[in-house]
Amino acid sequence: MTPSRPAAVVVLAAGEGTRMRSATPKVLHRIGGRSLLGHAMAAARALEPQRLVVVVGHERDRVAAHVLEVDPDAVVADQDDVKGTGRAVACGLAALATAPAGTVVVTYGDVPLLEAATLRELVAAHGESGAAVTVLTAEVADPTGYGRVLRDAAGDVTAIVEHKDADEGQRAVREINSGIYAFDGAVLADALGRIGTDNAQGEMYLTDVLEIARADGRRVVAVRTTDVWQVEGVNDRVQLAALGEELNRRVLTAWMRAGVTVVDPAGTWVDVTVGLAPDVTLLPGTQLHGRTTVAGGATIGPDTTLLDCEVGPGADVVRTHGTGASIGAGADVGPFAYLRPGTVLGERGKIGTFVETKNATIGTGSKVPHLSYVGDAEIGAHSNIGASSVFVNYDGVHKARSTIGDHCRTGSDNMFVAPVTVGDGAYTGAGAVIRHDVPPGALSFSAAQQQIVEGWVERRRAGTPSAEAAARARAGTEGAEGARA
Ligand code: UD1
Ligand code: CA
């Protein structure tokens with residue numbers, strides 16, 4: 001066990017978050033592809049604590065379910081009716097079978113940009129100084145609403161006073177309490193048993209622990225971060241958007257440093273869960289979500305949204321909306337393609353303009369270039385599906401699959417009425433409705449014989465521009481025939 005590994009991290013997430021004005025609990029709102037709480041828990045888990053505790057209260061069932069979905073090994077602790085951060089931490093510790101011996105870190109579920117590295121620095125500084133409490137602080141332009149950090153001449157922390165309890169002199173202090181701390185577990189447990197509610201808000205303040213420790217002759221020190229974003233919490237949707245934007249900026253900056261070209265960082269959104277290789281290019285208006293991965297040399301965008309997609313090396317995905325699709329090496333997609341779950345496009349394959357696909361495998365080098373729907377289908381290698389074709393997969397009750405072989409050339413405007421199989425090397429004619437299997441190498445067509453009714457427009461649509469155009473064309477043809485005669 002590394003010495004910096006804390007005994008426990010307690011993440012506070014019981015507060016109500018009324019300023020979100022939302023039916024969704026605040027900590028479940030999302031930025032960068034994760035809930036606020038998910039970000040906080042990821043940073044906490046990166047410390048490899050022996051126990052990770054999340055304190056829930058408001059909408060406890062929804063939040064608790066989310067906690068266990070994110071991290072099944074986390075401990076959910078319920079806060080009782082007593083309010084305040086001190087009570088929340090006490091409830092968190094009470095949920096553990098044994099009081100944690102060693103360092104206990106406290107963080108907030110609504111502070112999503114806090115990085116594991118910052119927490120590690122806090123824990124390391126805590127260990128080095130031997131202090132009973134180490135608090136993460138920041139100097140901000142407008143400290144209104146925050147607890148202020150009071151220090152002695154040596155720079156040690158003497159107390160944290162809440163804005164509502166502070167006098168004018170204390171309010172002038174711009175160093176604020178982030179609410180993130182490393183505690184000596186025994187000191188914390190002891191002091192929590194001694195805090196009251198004698199303050200402007202009638203709450204049990206966690207910050208009182210610092211004063212108690214100090215009064216007991218222990219040291220309280222501060223680690224001040226210059227990266228204020230990392231300690232910023234979300235209280236309303238304006239802050240949600242601001243922190244979402246900043247997180248995205250940070251994610252893209254890291255990818256650019258890792259060799260990804262991002263043409264328009266302000267108009268490109270990449271979730272923290274996405275994986276990109278060097279020499280990927282992201283064009284303006286690209287949004288990559290979930291477990292999407294993009295291999296080297298691929299270009300995504302402009303105006304493309306991919307969720308849980310896998311893009312192979314050198315592929316080109318233009319103005320596309322994709323979910324749960326796999327795009328092979330060197331493949332071409334779009335512009336204006338809609339890839340639904342279960343789409344698998346092979347190497348150098350093509351899904352072209354105004355094409356929708358679902359549960360469809362399109363083999364190596366095969367192409368569906370224009371205006372088509374491919375649902376529940378298996379297309380082999382090196383086949384071409386003519387423009388404006390539909391895989392008719394649904395009879396109103398059941399869905400069925402169709403299969404097209406290798407090296408097929410199907411005509412434009414074909415309907416493949418599932419389940420149907422077109423054998424290797426087969427051709428189909430334009431406008432065919434394929435209801436029966438086509439053997440390998442056969443030609444199949446089903447469109448009715450073309451009929452011509454001469455002079456119909458001039459007789460039945462007399463006086464229309466069409467009839468006049470027809471008359472001019474006929475006169476021209478007859479004139480030309482007359483001149484030749
Ligand atoms: C607290 C600190 C303040 C600090 C500020 C930073 C105290 C007394 N004050 O302010 O010094 O500057 O954070 O944002 O600690 N929570 C619970 N249960 C509760 C109350 C809060 O779980 O009963 C959770 C909230 O969900 C939130 C976090 O604790 O994640 C902070 O709560 P909030 O009310 O925003 O903090 P303050 O008490 O105003
Ligand atoms: Ca807050």
Side-chain angles (χ1 to χ4, degrees), residues 11-44 54-59 62-63 66-67 70 83-85 88 106-119 122 135-149 160 162-164 166 171 173-181 201 203 206-207 224-254 265-273 287 289:
V11 181
L12 306 189
E16 193 169 347
T18 42
R19 279 176 284 166
M20 294 297 283
R21 299 183 182 280
S22 176
T24 301
K26 174 168 79 175
V27 291
L28 301 193
H29 281 261
R30 298 169 77 84
I31 60 173
R34 266 191 193 142
S35 65
L36 300 180
L37 184 53
H39 287 289
M41 288 175 67
V54 182
V55 182
V56 301
H58 177 71
E59 290 256 29
R62 280 178 76 183
V63 179
H66 182 69
V67 166
V70 169
K83 295 274 170 248
T85 48
V106 173
T107 68
Y108 290 169
D110 57 3
V111 177
L113 265 58
L114 179 69
E115 289 170 17
T118 304
L119 280 177
L122 179 75
V135 54
L136 185 64
T137 69
E139 198 157 294
V140 299
D142 178 11
T144 306
Y146 286 103
R148 305 300 206 282
V149 178
I160 287 170
E162 291 307 293
H163 184 90
K164 285 182 180 157
R171 285 187 182 180
V173 172
R174 291 196 299 121
E175 185 180 15
I176 58 108
N177 169 27
S178 70
I180 295 150
Y181 321 77
Q201 302 180 80
E203 294 186 351
L206 179 59
T207 45
R224 189 170 8 182
T225 177
T226 52
D227 186 2
V228 177
W229 285 108
Q230 284 201 48
V231 299
E232 195 111 341
V234 172
N235 294 300
D236 60 26
R237 306 216 196 202
V238 176
Q239 288 169 315
L240 184 73
L243 287 177
E245 206 178 0
E246 178 61 22
L247 176 61
N248 188 57
R249 210 174 354 257
R250 289 174 180 221
V251 166
L252 292 179
T253 299
T268 302
W269 295 82
V270 174
D271 285 353
V272 297
T273 42
Q287 304 188 34
H289 299 300

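For the single chain, residues carry numbers from 1 onward in sequence order. Atom set for the values below is all heavy atoms of this structure, side chains included, hydrogens, waters and symmetry mates excluded.
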Find the distance between [atom1] ([X]) and [atom2] ([Y]) and round it off to the nearest 0.5 Å.
| X | Y | atom1 | atom2 | result |
| --- | --- | --- | --- | --- |
| Lys26 | Arg19 | NZ | CZ | 7.0 Å |
| Leu113 | Glu232 | CG | CD | 9.0 Å |
| Thr207 | Ile160 | OG1 | CD1 | 6.0 Å |
| Asp110 | Gln239 | CG | CD | 9.0 Å |
| Leu36 | Leu28 | CG | CG | 8.5 Å |
| Asn248 | Trp269 | CG | CH2 | 5.0 Å |

Quiz item: Within the distance-only criterion (no hydrogens, no angle test), does the side chain of Arg148 pair as donor or acceptor with the backbone N or O of Pro143 below 3.5 angstrom?
Solution: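 Between the backbone of Pro143 and the side chain of Arg148 there is a qualifying donor-acceptor contact (under 3.5 Å).
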Quiz prompt | Short N-O contact, Arg174 and Glu139, less than 4.0 angstrom | solution =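 Looking at Arg174 and Glu139, the cut-off is met.
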Between [X] and [Y], which heavy-atom pair has the shortest distance, and what is it?
| X | Y | answer |
| --- | --- | --- |
| Glu115 | Ala43 | C-CB, 4.4 Å |
| Arg34 | Ala42 | NH1-CB, 3.7 Å |
| Val55 | Ala88 | CG2-O, 3.4 Å |
| Leu247 | Gly32 | CD2-CA, 3.9 Å |
| Val231 | Ala138 | CG2-CB, 4.0 Å |
| Pro265 | Leu252 | O-CD1, 3.3 Å |

Quiz item: side chain to side chain contact (heavy atoms under 4.5 Å, CB included) between Leu240 and Met20: does it pass, once the steps are laid out?
Solution: CA-CA 9 Å; Leu240 184 73; Met20 294 297 283; 4.2 Å; yes
Is [Y] close to [X] at the side-chain level, that is, under 4.5 Å between some pair of heavy atoms?
| X | Y | value |
| --- | --- | --- |
| Ser178 | Thr137 | no |
| Val149 | Ile176 | no |
| Val140 | Glu175 | no |
| Val272 | His39 | yes |
| Gln287 | Asp271 | no |
| Trp229 | Leu243 | yes |
| Ser35 | Val27 | no |
| His58 | Val63 | no |

Polar contact flag, side-chain donor to acceptor under 3.5 angstrom, [X]-[Y]:
| X | Y | value |
| --- | --- | --- |
| Thr144 | Asp142 | yes |
| Ser22 | His29 | yes |
| Gln230 | Thr118 | yes |

Quiz item: Stepwise, does the side chain to side chain contact (heavy atoms under 4.5 Å, CB included) test hold for Leu119 with Thr107?
Solution: CA-CA 9 Å; Leu119 280 177; Thr107 68; 3.8 Å; yes
Exercise. Kindly determine whether Val135 and Leu122 satisfy side chain to side chain contact (heavy atoms under 4.5 Å, CB included), including the steps that lead there.
Key: CA-CA 8 Å; Val135 54; Leu122 179 75; over 6 Å; no
